[in-house]
Amino acid sequence: MSKSEPLVSSNFIRTIISEDLDSGKRDRVVTRFPPEPNGYLHIGHAKSFGLNFSLAEDFNGCCHLRFDDTNPIKEDDEYVEAIKADVRWLGFDWGEHLHFASDYFDQLYLWAVQLIKAGKAYVDSQSADQMRENRGTLTQAGVDSPYRERSVAENLELFEQMKNGDFPDGSHILRAKIDMSSPNMNLRDPAMYRIMHTNHHRTGDKWCIYPMYDFAHGQGDSIEGVTYSICTLEFEDHRPLYDWFIKELDIFAPQQVEFARLNLSYTVMSKRKLLQLVKDNHVSGWDDPRMPTLVGMRRRGYPPEAIRTFCERIGVGKGASWIELSVLEECVREQLNKTAFRRQAVLNPLKVTITNYPTDKVEQLDAPNHPQQPELGTRKLPFSSELYIDRDDFMEEPPKKFFRLGPGREVRLRNAYIIKCEEVIKDGNGEVVELKCSADLDTLGKNPVGRKVKGIIHWVSAGQAKKVEVRLYDRLFNQENPDKATNYLDALNPESITMTTALVEPELLHAAPGTTIQFERVGYFTVDSKDSQLQHPVFNRTVTLRDAWAKLK
RNA sequence: UGGGGCGUCGCCAAGCGGUAAGGCACUGGAUUUUGAUUCCAGCAUUCGCAGGUUCGAUCCCUGCCGCCCCAGCCA
């Protein structure tokens, strides 16, 4: 594999694979993404499956999608379908390789019997509490279970009875016989099978015993011929157990490789916490645009290409890392800047009357859909004597660096004329309610001679503008790491959503759900796919534009 | 404190014994009918600390220090 110009930076996993391929230790690359179907995928999962799928792509191998459905009480088909949709949305394809750990339940059972016969597994009849007590602590060896030396025949019979449903949940458990004094807790006779009289989303009531992760994962990898089983750091301690089962069973040996999971500033990634945000109505659902879930980001308007770029850009390592939100946002802007049509929208209107423009005239100006891509065409922009501009673009007593509108100042109306503020009208409370301006009607599509006008502001024509609902989203949490708060819920940003109405160009009323538009000088906005109705679009702010002025202030 | 990992710029991250890539952020400056975009420039004499090996060490060795993970019949 020689890449003339590496698009992505190298990482330790690529190095391992390249070396294995060169030395002949491996002759192909098979990876897998193994989610448990118990919730929605988030951006952290995207890092994981992005890694697995692109590794397979780059090394001409393949990547399987396998559902690790070994714990029926938490799993559901709803999640299976949602996960498949999310992986596809990001543009990855598992081809024929859609698998389920539950496909292997028969084989796993046979292997468990094999280990019992070899004296490597036994049925323990201690309670969960007793087992915990006898496991010892981090610095103290555990003690053997009183049932550890049961005969093979007795273990075989008990295990069979477990399978047949003769025992209630929790009464017995199958454990691997390894070493109760191992410094690695995972090797202190780990559980292999537990009794659960629960209906499984795929196998129904065929089974009432289910394998644990440790007795299913590596074997699933082995059955599928996975060469690299890439997982997160917390499984490092499980690797000796992973290898132990493979060795004792004498089956094809995949290699487990661990990398650091993603942490994104100003958000949380744990499924438990995301679930709580949903359940306690801190957000509107898994697909709330503030959620770090893929469904949430999709609804927010983040393009899949941006998320893929993000996953490549952040790299892969073994150190617990925190990625700044700005990295993600920049990926989103980068993608949207290339594709989003430009439109004008006023979020906080201030009336402007053009005193020297006929009151009954409506002019249809031509404005480009994209200033850098003329091939994307133009649209008609209505102009009249009554306009709205954004309040932020006017200051009665502007500071030196402010080059927008102020009394006696000139400014360019984007895509239209240069105007000059002649009069400021206030209401009884002293609040500015209207600006009377004159327009230089000789400045359409050209600059005036003899003077330079630096400021450019956006606007809409009052008579033609349409009112739409706009939701301004901001980070969900106030703290970079919400877990540093006593309770992460205390770090919730009370201003993570602001509802408002905006005045927009008329034709935006018909924008299709899911399309993203740049409101010039404001940000990117996506038509909400859930709450928008015909003639009543709801716009989600996907991300703001970079704002040098905001920094100057 | 037993075991397993990790420490390279504010945040990520290459580098694998020959004298510190890149991205984000930040700072200048140019172009611009988005204070956007684009462009150009700047941004670690130094790789947690202290020793050692070597002609030469971020890369090897030793010892400290700091951080993360593990005691589910969850994954």
Side-chain angles (χ1 to χ4, degrees), chain A residues 6 8-11 15 34-36 38 68 70-71 73-74 124 126-128 131-133 135-142 169-175 182-188 190-196 210 212-214 216-217 231-240 258 260 265 271 312-331 333-334 337-338 342 344 367-368 370-372 401-404 412-418 443-447 453-458 480 518-523 544-552:
Chain A
V8 281
S9 168
S10 175
N11 63 55
T15 304
E36 182 185 19
N38 69 344
D68 243 340
T70 56
N71 186 359
I73 60 168
K74 297 167 69 181
D124 197 347
Q126 296 181 100
S127 68
M131 266 181 65
R132 189 178 313 116
E133 274 171 39
R135 188 156 30 233
T137 68
L138 295 179
T139 54
Q140 217 172 49
D169 290 5
S171 54
H172 303 277
I173 191 161
L174 186 72
R175 302 177 76 176
S182 171
N184 181 344
M185 302 297 292
N186 294 113
L187 263 20
R188 320 248 263 227
M192 292 168 60
Y193 264 97
R194 74 284 220 190
I195 301 171
M196 288 180 120
Y210 293 95
M212 299 290 291
Y213 163 86
D214 285 306
H217 199 92
C231 61
T232 45
L233 251 26
E234 63 270 28
F235 290 99
E236 276 180 320
D237 290 339
H238 291 244
R239 185 168 5 107
E258 310 87 7
S265 61
K271 240 177 225 180
E312 284 163 12
R313 206 166 271 184
I314 59 177
V316 181
K318 297 196 65 148
S321 58
W322 280 84
I323 308 294
E324 290 178 349
L325 198 53
S326 63
V327 180
L328 212 209
E329 291 184 332
E330 192 48 31
C331 291
R333 289 192 192 102
E334 202 175 289
N337 177 49
K338 290 188 280 193
R342 270 56 169 175
Q344 293 182 173
H370 190 122
Q372 277 81 43
K401 289 290 197 93
F402 187 84
F403 41 79
R404 272 111 96 150
R412 158 79 66 181
L413 289 180
R414 175 77 170 153
N415 293 128
Y417 307 94
I418 286 173
T443 53
L444 186 61
K446 58 184 171 184
N447 286 320
V453 175
K454 180 137 197 194
I456 300 155
I457 66 173
H458 55 96
E480 271 197 34
Q518 185 195 97
F519 290 177
E520 286 190 296
R521 303 211 314 132
V522 180
T544 60
L545 251 31
R546 282 169 70 179
D547 189 353
W549 168 243
K551 281 176 205 155
L552 262 179

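To find a chain, count down the sequence lines: A is the first, B the second, and so on, and within it residues start at 1.
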Quiz item: Less than 4.5 Å apart, any side-chain heavy atom of A/Glu236 and any of A/Lys318?
Solution: yes
Exercise. Ignoring backbone atoms, establish whether A/Arg132 has a side-chain N or O less than 4.0 Å from OP1 or OP2 of B/C73.
Key: no
Exercise. Could you check A/Asn71 against A/Arg194 for side-chain contact (heavy atoms from CB on, under 4.5 Å), going step by step and ending with a plain yes or no?
Key: CA-CA 10 Å; A/Asn71 186 359; A/Arg194 74 284 220 190; 3.6 Å; yes
Self-check item: Sugar-phosphate, base or nothing in reach of A/Thr443, heavy atoms under 4.0 Å
Solution: base
Quiz item: Using the C1' atom in both, what is the distance from B/C9 to B/U46, to the nearest Å?
Solution: 10 Å
Practice problem: Report yes if a donor N or O on one partner sits less than 3.5 Å from an acceptor N or O on the other, where the partners are the side chain of A/Asp237 and the base of B/G3; otherwise report no. | Solution: yes
Quiz item: In the structure shown, which nucleotide is the Watson-Crick or G-U wobble counterpart of B/C60, with both distances under 3.5 Å?
Solution: B/G52
Quiz item: So, the side chain of A/Asn184 versus the backbone of A/Asp237: is there a donor-acceptor pair under 3.5 Å, distance only?
Solution: yes
Quiz item: Now, which nucleotide makes the Watson-Crick or G-U wobble pair with B/C26, with each of the two distances under 3.5 Å?
Solution: B/G42
Quiz item: Can you tell me the Watson-Crick or wobble partner of B/G7, both distances under 3.5 angstrom?
Solution: B/C65
Quiz item: With the sugar-phosphate defined as primed atoms, P, OP1 and OP2, and the base as all remaining atoms, what B/S/- string results for nucleotides 7-23 of chain B, 5' to 3', for protein heavy atoms under 4.0 Å?
Solution: ---BSSSSS-----B-S
Exercise. Answer with base, sugar-phosphate or nothing: what part of the nucleic acid does A/Tyr193 contact at a heavy-atom distance below 4.0 Å?
Key: nothing
Practice problem: Would you mind calling B/G29 syn or anti? Take O4'-C1'-N9-C4 for purines or O4'-C1'-N1-C2 for pyrimidines, and syn is within 90° of 0. | Solution: anti
Self-check item: Any residue meeting salt bridge (Lys or Arg N to Asp or Glu O under 4.0 Å) with A/Arg188, in chain and number order, not counting sequence neighbours
Solution: none
Quiz item: With a 4.5 Å heavy-atom cut-off, do A/Ser10 and A/Thr15 have their side chains touching?
Solution: yes
Quiz item: Taking atom P of B/C69 as reference, at what distance in whole Å does atom NE2 of A/His238 sit?
Solution: 14 Å
Practice problem: Scan A/Met212 against the nucleic acid and name what it touches under 4.0 Å (heavy atoms): base, sugar-phosphate only, or nothing. | Solution: sugar-phosphate
Quiz item: Is there side-chain contact between A/Met196 and A/Thr70, with heavy atoms separated by less than 4.5 Å?
Solution: no
Quiz item: Rounding to the closest angstrom, what is the interatomic distance between B/C59 and B/G52 at atom P?
Solution: 14 Å
Practice problem: Find the distance A/Ile456:CD1 to B/A36:C1' and express it as a whole number of Å. | Solution: 10 Å
Exercise. Would you classify A/Leu444 as touching base, sugar-phosphate or nothing, given that sugar-phosphate means primed atoms plus P, OP1 and OP2, and contacts are heavy atoms under 4.0 Å?
Key: base
Exercise. Check every strand shown and say whether A/Lys401 touches a base, only sugar-phosphate, or nothing at a heavy-atom separation below 4.0 Å.
Key: base
Exercise. Scan A/Arg342 against the nucleic acid and name what it touches under 4.0 Å (heavy atoms): base, sugar-phosphate only, or nothing.
Key: base
Practice problem: Write down the distance between CG (A/Asp547) and C1' (B/A36), rounded to a whole number of angstrom. | Solution: 9 Å
Quiz item: Looking across every strand, which nucleic acid part, if any, lies under 4.0 Å from A/Gly445 by heavy atom: base, sugar-phosphate, or nothing?
Solution: base
Quiz item: Would you say the side-chain atoms of A/Arg521 pair up with the backbone N or O of A/Ile456, donor to acceptor, closer than 3.5 Å?
Solution: yes
Quiz item: Looking for any heavy atom pair under 4.0 Å, which part of the strands does A/Lys271 touch: base, sugar-phosphate only, or nothing?
Solution: nothing
Quiz item: Between the side-chain atoms of A/Arg404 and the base atoms of B/G35, is any donor-acceptor pair under 3.5 Å?
Solution: yes
Quiz prompt | B/G18 to B/C43 separation - P atoms, rounded to the nearest Å | solution = 25 Å
Quiz item: Hey, does A/His217 have a side-chain heavy atom less than 4.5 Å from the side chain of A/Pro34?
Solution: yes
Quiz item: What is the pairing partner of B/C47, taking Watson-Crick or G-U wobble pairs with both distances under 3.5 Å in any strand?
Solution: none
Quiz prompt | B/G2 pairs with, by Watson-Crick or G-U criteria that keep both distances under 3.5 Å | solution = B/C70
Quiz item: From the list B/U1, B/A71, B/C26, which nucleotide is the closest neighbour of the side chain of A/Lys551?
Solution: B/C26
Exercise. Using the six-membered ring wherever Trp is involved, compare the ring planes of A/Tyr213 and A/His238 and label them parallel, tilted or perpendicular (cut-offs 30° and 60°).
Key: perpendicular
Quiz item: With distance as the sole test, does A/Arg333 use its side chain to make a donor-acceptor pair with the main-chain N or O of A/Thr544 at under 3.5 Å?
Solution: yes
Practice problem: Remember a base hit wins even if backbone is also touched, and classify A/Gln126 as base, sugar-phosphate or nothing at under 4.0 Å, heavy atoms. | Solution: base
Quiz item: Could you state the NE2-C1' distance from A/His370 to B/A36, rounded to the nearest angstrom?
Solution: 10 Å
Quiz item: A/Arg135 side chain N/O closer than 4.0 Å to the phosphate oxygens (OP1, OP2) of B/C73?
Solution: yes
Quiz item: In Watson-Crick or G-U wobble terms, both distances under 3.5 Å, what is the partner of B/U19?
Solution: none
Quiz item: Quick one: A/Gln140 CD to B/U1 P, roughly how many Å, whole number?
Solution: 16 Å
Quiz item: With rounding to whole Å, what would you report as the distance between B/A13 and B/C70 at their C1' atoms?
Solution: 28 Å
Quiz item: Which comes earlier along RNA chain B counting from the 5' end, the contact point of A/Gln518 or that of A/Pro34, where each point is its nearest nucleotide?
Solution: A/Gln518
Exercise. Report which part of the nucleic acid A/Ala128 touches: base, sugar-phosphate, or nothing (heavy-atom distance under 4.0 Å, all strands).
Key: base
Exercise. Kindly say whether A/Leu187 contributes a backbone atom to a donor-acceptor pair with the side chain of A/Ser182 at under 3.5 angstrom?
Key: no
Quiz item: Between A/Gly136 and A/Leu552, which has a closest nucleotide on RNA chain B that is more 5'?
Solution: A/Leu552
Practice problem: May I ask you to say what A/Thr70 touches in the nucleic acid, namely base, sugar-phosphate or nothing, with a heavy-atom cut-off under 4.0 Å? | Solution: sugar-phosphate
Quiz item: Checking all strands, does A/Phe402 fall into the base, sugar-phosphate, or nothing category for heavy-atom contacts under 4.0 angstrom?
Solution: base
Exercise. Determine, answering yes or no, if A/Trp549 is stacked on B/G35 under the 5.5 Å centre rule and the 30° plane rule.
Key: yes
Quiz prompt | Distance in angstrom units between A/Asn184 CG and B/C70 P, rounded | solution = 12 Å
Exercise. Using a heavy-atom cut-off of under 4.0 Å over every strand shown, decide if A/Gln372 touches base, sugar-phosphate, or nothing.
Key: base
Quiz item: For the pair made of CG in A/Asn337 and C1' in B/U38, what is the distance, rounded to whole Å?
Solution: 9 Å
Quiz item: Of the candidate nucleotides B/C70, B/C26, B/A36, which contains the atom at the shortest distance from the side chain of A/Leu138?
Solution: B/C70
Self-check item: Nearest-angstrom distance, P atom, B/U37 to B/G28
Solution: 15 Å
Practice problem: Quick one: look up who B/A14 pairs with, Watson-Crick or G-U, both distances under 3.5 Å, and put none if it's unpaired. | Solution: none
Exercise. Can you tell me the distance, in whole Å, between the CZ atom of A/Arg333 and the C1' atom of B/A36?
Key: 10 Å
Exercise. Please state the C1' separation for the pair B/U8 and B/G22 - nearest whole angstrom.
Key: 14 Å
Quiz item: Does a nitrogen or oxygen in the side chain of A/Arg175 sit under 4.0 Å from OP1 or OP2 of B/C73?
Solution: no
Quiz item: Counting only distance, no hydrogens or angles, is the base of B/A36 paired donor-acceptor with the side chain of A/His458 under 3.5 Å?
Solution: no
Practice problem: Answer with base, sugar-phosphate or nothing: what part of the nucleic acid does A/Asn415 contact at a heavy-atom distance below 4.0 Å? | Solution: base
Quiz item: Going through the checks in order, is the side-chain contact (heavy atoms from CB on, under 4.5 Å) test met by A/Gln372 and A/Lys338?
Solution: CA-CA 9 Å; A/Gln372 277 81 43; A/Lys338 290 188 280 193; over 6 Å; no
Quiz item: Where the side chain of A/Met185 is defined as all heavy atoms beyond and including C-beta, which of B/A71, B/G35, B/A25 is the nearest nucleotide?
Solution: B/A71
Quiz item: Paired with B/U34: which nucleotide, if any, by Watson-Crick or G-U wobble criteria at under 3.5 Å for both distances?
Solution: none
